[in-house]
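Order of the sequence lines sets the chain letters (A, B, ...), proteins ahead of strands, with each chain counted from 1. As a basis for the values below, the full set of heavy atoms in this structure was taken, side chains included, without hydrogen atoms, waters or symmetry mates.
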Protein chains: 2
Amino acid sequence: MDVRQKLKDCGIGITKPRVAILEYLMKQCTHPTVDDIYQALVSEVPTLSRTTVYNVVKLFAEHGLVNTLGIDDRNVCVDGDTTPHGHFFCKECGRIIDVPLTELSAGGFDCDGNMVTEVHLYYKGVCSECMSKRETDESRSPR
Amino acid sequence: MDVRQKLKDCGIGITKPRVAILEYLMKQCTHPTVDDIYQALVSEVPTLSRTTVYNVVKLFAEHGLVNTLGIDDRNVCVDGDTTPHGHFFCKECGRIIDVPLTELSAGGFDCDGNMVTEVHLYYKGVCSECMSKRETDESRSPR
DNA sequence: GAGAAAATTTGTAATAATTACAATTTTTCA
DNA sequence: TGAAAAATTGTAATTATTACAAATTTTCTC
């Protein structure tokens with residue numbers, strides 16, 4: 001679906017930064033930070049400011065167009081894919097990998113009287129690439 | 001089990017701040033922030049500094065004595081209960097409530113070749129208390 | 001138990017993500 | 001087209017966390 005239409009459907013006004021940011025987020029699978037988004041788009045939208053990226057991401061999140069992840073201690077990461085899935089965070093390289101999850105609910109249910117609107121499943125550990133690197137390094141300099 | 005013994009078992013030296021912090025965390029069910037811990041213990045350990053709390057919490061987390069939660073955007077919360085369970089975060093009052101979860105793994109498994117060492121399940125929404133407050137407020141000032 | 005060596009803590013200063021805010025610019029709509 | 005409303009921008013403020021060197025505490029040996 002067209003990005004502009006998506007914004008209209010949410011009652012969000014159409015502006016250059018918003019269109020650029022949503023378009024960018026929808027085609028990413030890397031869960032960029034606010035700074036990543038800023039760096040990626042500043043050449044396309046030269047007047048862009050980091051504050052705008054913060055504002056727009058917050059607005060999008062409030063309307064359910066994106067999810068913000070707290071999986072990385074350093075900074076918030078933004079996910080343009082709002083279908084239910086979990087995330088794996090590699091503590092060595094910082095990469096975030098999607099984890100398919102059929103049994104995970106999308107929220108909107110009741111848990112002991114508390115209303116759940118968001119579900120976050122975070123795995124943390126060492127990704128396969130960093131695991132192979134570790135093994136290579138060990139065989140090179142054994143100890 | 002005695003807190004000192006726990007520290008010894010992990011190969012961690014016994015010091016006043018460490019004993020006080022671990023004792024405090026083991027009897028809390030509120031998932032305190034670093035600042036909460038500092039505020040709670042500074043009268044008991046007058047020389048305590050926030051930096052020490054950061055250092056000690058990090059050390060404990062590395063040894064699996066506590067878990068650090070990234071559920072609250074503002075700051076890290078510390079959980080002295082390391083048995084597998086999830087968490088509910090109330091977006092209105094900020095309270096964190098334990099969610100019992102039998103089917104959730106404790107980590108140490110493989111996910112698409114990635115080694116998972118930590119599992120975090122976060123629910124976010126509005127807790128039952130804040131829900132009742134909302135209803136009361138609405139009936140008082142309808143609109 | 002005293003004293004030296006090692007480990008730990010402490011306070012301050014630095015870092016970095018995020019937010020507040022007022023001025024400017026863009027968009028909307030009559 | 002032009003005024004009103006909405007959004008963006010840049011700067012400055014805020015705040016959690018980290019770096020680091022000096023001071024203190026703990027440990028270990030005699």
Spacing of [X] atom [atom1] relative to [N] atom [atom2], expressed in whole Å:
| X | N | atom1 | atom2 | value |
| --- | --- | --- | --- | --- |
| Gln39(B) | dA16(D) | CD | P | 11 Å |
| Tyr54(B) | dC20(D) | OH | P | 17 Å |
| Ile12(A) | dT8(D) | CD1 | P | 10 Å |
| Asp72(B) | dT15(D) | CG | C1' | 13 Å |
| Tyr38(B) | dT17(D) | OH | P | 15 Å |
| Ile37(A) | dT8(D) | CD1 | P | 14 Å |

Members other than Met115(A) in its cluster, when Ile, Leu, Val, Met, Phe, Trp, Tyr link by side-chain heavy atoms under 4.5 Å?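 For the cluster that includes Met115(A), the remaining residues are Val126(B), Met131(B).
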Per the side-chain hydrogen bond (donor to acceptor under 3.5 Å, both in side chains) rule, what does the pair list look like for residues 15-29 of chain A, sequence neighbours excluded?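 Sorted pair list: Gln28(A)-Thr30(A).
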Should we count CG of Asp112(A) as having more than 12 external heavy atoms under 6.0 Å?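 It does not: Asp112(A) CG has 12 such atoms or fewer within range.
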Do side-chain atoms of Asp9(B) reach the backbone of Lys6(B) as a donor and acceptor pair under 3.5 angstrom?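 No; zero donor-acceptor contacts below 3.5 Å.
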Please identify the 5'-most and 3'-most nucleotides of DNA chain C with any atom under 4.0 angstrom from a heavy atom of chain A.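 On DNA chain C, the outermost contacted nucleotides are dA17(C) to dT28(C).
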Rounded distance (nearest 0.5 Å) linking atom CG of Leu65(A) with atom SG of Cys10(A):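 Spacing of CG (Leu65(A)) from SG (Cys10(A)) equals 4.0 Å.
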With sequence neighbours left out, write down each residue that passes side chain to side chain contact (heavy atoms under 4.5 Å, CB included) with Lys8(A), or none if nothing qualifies.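 Lys8(A) satisfies side chain to side chain contact (heavy atoms under 4.5 Å, CB included) with Gln5(A), Ile14(A) once adjacent residues are dropped.
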Go through the structure and list residues passing side chain to side chain contact (heavy atoms under 4.5 Å, CB included) with Val45(B), not counting sequence neighbours.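 In terms of side chain to side chain contact (heavy atoms under 4.5 Å, CB included), with neighbours along the sequence ignored, Val45(B) is linked to Ala20(B), Thr47(B), Leu48(B).
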Heavy atoms only, 4.0 Å cut-off, all strands: where does Arg50(A) land among base, sugar-phosphate and nothing?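 No contact.
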Look at all strands and tell whether Asn55(A) reaches a base, only sugar-phosphate, or nothing, counting heavy atoms closer than 4.0 Å.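 Base, at least one base heavy atom under 4.0 Å.
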N or O in side chain of Arg18(A) less than 4.0 angstrom from dA7(D) OP1/OP2: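 Yes, such a contact exists.
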Answer yes or no: does a side-chain N or O of Thr51(A) lie under 4.0 Å from OP1 or OP2 of dG10(D)?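 Indeed not, no polar side-chain atom of Thr51(A) lies that close.
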Stepwise side-chain hydrogen bond (donor to acceptor under 3.5 Å, both in side chains) check, His87(A) with Asp79(A): CA-CA 10 Å; His87(A) 294 95; Asp79(A) 192 347; 2.8 Å; yes
Is the Phe89(A)-Tyr122(A) ring centre distance short of 6.0 angstrom?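 No; Tyr122(A) has its ring centre 6.0 Å or more from that of Phe89(A).
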Return the polar atom pairs (N/O with N/O) between nucleotides 24-30 of chain D and the protein under 3.5 Å, or none.
none

